[in-house]
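Comments concern the structure below.
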Amino acid sequence: MNAATSSVDSPGQLLFVSGVGTEVGKTAVTAAIATLAARAGRSVAVLKPGQTGVAPGEAGDCAEVARLAGTTVTLRELARYPEPLAPDTAARRSGLPALTLDQVTLEIKELTAGHDLVLVEGAGGLLVRYNEDGLTLADMAQATGGEVLTVVTAGLGSLNSTGLNAEALRARGLRTPGIVIGSWPADPDLAMRCNLADLPKDAGAPLLGALPAGAVATAEGFADRAAAALAPALGGVWDAAAFARAHPA
């Protein structure tokens, strides 16, 4: 059975941005969606429940979203830990308080009350632990009724990780609008080109975009790059069939 699918165009939408692992482009995709929604006149908030690998005073993922999407987007970060580890491990090693589900749900409730679109960017993947009780991004989405967009990699190995992620979503009854390739190279290899057709099958959900590698290098022109890289369901003009024809296997 496929994961349920829907659009993120309705007002008051809550969308969790997860990934099949670390460094797959979650922040870039979050910024792209936020940028397009803000350009369309929607009020947008981005929440990072747990930021790791960033010391106090350093720029984290929210700062990167602000750099790319502009200052009109509301930004929230609930917890920050200096070591680049899973939030649960990072909290334990730092001696700082771990996140609780109540903290997250309260913040989401406040943000959704005042914004058309709320994006919640996870740390790592869907089942990464945020505290010793095993709190995950999946739990947050279940508790708040949010959908989960998954950012995937383009190349060899992505089919398995995408399929496992989809199975976890289905097992928890979580809805998804689809998947997005977080970084598409200028010269894709055979596996990447084949994955344009295969990834949606393993995800049980549509491919909704492919951000070009280097898309976040500069803020100038980012909105146009985002629009060209994301499907209409995410606010852009990207077309999966046309993209596949441009990159035949």
Side-chain angles (χ1 to χ4, degrees), residues 1-20 24-40 42-47 65 69 73 108 111-112 115-122 125-127 136-154 158 161-184 195-211 226-244:
M1 186 175 80
N2 289 349
T5 60
S6 62
S7 171
V8 301
D9 289 332
S10 57
Q13 182 68 36
L14 172 61
L15 182 65
F16 288 78
V17 181
S18 187
V20 294
V24 297
K26 292 187 301 294
T27 303
V29 171
T30 300
I33 297 170
T35 297
L36 295 180
R39 187 164 75 168
R42 303 175 71 193
S43 56
V44 183
V46 172
L47 170 64
V65 172
V73 175
I108 287 175
L111 290 174
T112 53
H115 297 83
D116 298 322
L117 174 64
V118 176
L119 300 167
V120 182
E121 184 191 340
L126 185 68
L127 302 184
T136 67
L137 196 73
D139 296 324
M140 298 176 197
Q142 282 183 307
T144 57
E147 297 179 308
V148 181
L149 178 78
T150 303
V151 181
V152 303
T153 55
S158 186
S161 57
T162 299
L164 289 171
N165 187 86
E167 187 171 301
L169 289 171
R170 290 193 295 269
R172 290 159 177 78
L174 293 170
R175 298 176 298 150
T176 177
I179 59 174
V180 173
I181 295 172
S183 180
W184 183 261
N195 280 351
L196 292 175
D198 292 337
L199 280 168
K201 298 175 187 176
D202 287 87
L207 180 59
L208 296 179
L211 260 65
L230 295 180
L234 297 177
V237 298
W238 185 86
D239 181 82
F243 194 78

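Values below: every heavy atom of this structure, side chains too, minus hydrogens, waters and symmetry copies.
- How far CG of Leu234 is from CG of Leu208: 5.0 Å, rounded to the nearest 0.5 Å.
- Ser43 meets the side chain to side chain donor-acceptor pair (under 3.5 Å) test with Asp116; sequence neighbours excluded.
- The backbone N or O of Gly122 lies less than 3.5 Å from no partner atom in the side chain of Ser18, so there is not a single donor-acceptor pair.
- Residues passing the side chain to side chain donor-acceptor pair (under 3.5 Å) test with Asn165 are Thr150, sequence neighbours excluded.
- Nearest heavy-atom pair across Leu126 and Ala168 is CD2-CB, 3.8 Å.
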Inset, instruction - Would you check, one step at a time, whether the test side chain to side chain contact (heavy atoms under 4.5 Å, CB included) holds for Leu196 with Ile181? - result: CA-CA 9 Å; Leu196 292 175; Ile181 295 172; 4.0 Å; yes
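- Looking at residues two or more places apart in sequence or on another chain, you find a side chain to side chain contact (heavy atoms under 4.5 Å, CB included) between Thr136 and Leu127, Ala138, Asp139.
- Of all non-hydrogen atoms in Gly178 and Leu149, the two that sit nearest each other are O-CD1, 3.2 Å.
- A pairwise comparison of heavy atoms in His115 and Leu111 identifies ND1-O, 2.8 Å as the closest pair.
- Residues Ser183 and Ala154 share a closest heavy-atom pair of O-CB, 3.9 Å.
- With sequence neighbours excluded, the residues forming a side chain to side chain contact (heavy atoms under 4.5 Å, CB included) with Ala69 are Ala34, Thr35, Val65, Val73, listed by chain and number.
- When every heavy atom of Ala37 is checked against every heavy atom of Leu117, the shortest pair comes out as CB-CD2, 3.7 Å.
- A side chain to side chain contact (heavy atoms under 4.5 Å, CB included) with Glu121 holds for exactly one of Leu15, Thr27, Val29; it is Thr27.
- A distance of 5.0 Å separates OG1 of Thr162 from CG of Leu199, quoted to the nearest 0.5 Å.
- With Ser158 contributing its side chain and Thr153 its backbone, the two residues share a donor-acceptor pair below 3.5 Å.
- Residues Phe16 and Leu174 have side chains not in contact (no heavy-atom distance under 4.5 Å, counting atoms from C-beta outward).
- To the nearest 0.5 Å, atoms CD (Gln142) and CG (Leu169) are separated by 10.0 Å.
- Without hydrogens or angle criteria, Arg175 side chain to Gly145 main chain gives a donor-acceptor distance under 3.5 Å.
- Taking the ring-ring contact (aromatic ring centres under 6.0 Å, His included) definition, one finds that Trp238 meets it with Phe243, sequence neighbours left out.
- Contact between Ile179 and Pro200 at its shortest, heavy atoms only, is CD1-N, 4.3 Å.
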Inset, instruction - Give the intermediate values and the outcome of side chain to side chain contact (heavy atoms under 4.5 Å, CB included) for residues Ile33 and Val180. - result: CA-CA 11 Å; Ile33 297 170; Val180 173; 5.9 Å; no
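- Atoms CG and CD, from Leu119 and Gln13 in turn, are 9.5 Å apart once rounded to the nearest 0.5 Å.
- Residues Asn195 and Val152 have side chains not in contact (no heavy-atom distance under 4.5 Å, counting atoms from C-beta outward).
- When the side chain to side chain donor-acceptor pair (under 3.5 Å) test is applied to Thr30, no partner is found at least two apart in sequence or on another chain.
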Inset, instruction - Evaluate the side chain to side chain contact (heavy atoms under 4.5 Å, CB included) criterion for residues Ile108 and Leu47: first the C-alpha distance (whole Å), next the side-chain angles of each, then the deciding distance (0.1 Å), finally the verdict. - result: CA-CA 8 Å; Ile108 287 175; Leu47 170 64; 3.7 Å; yes
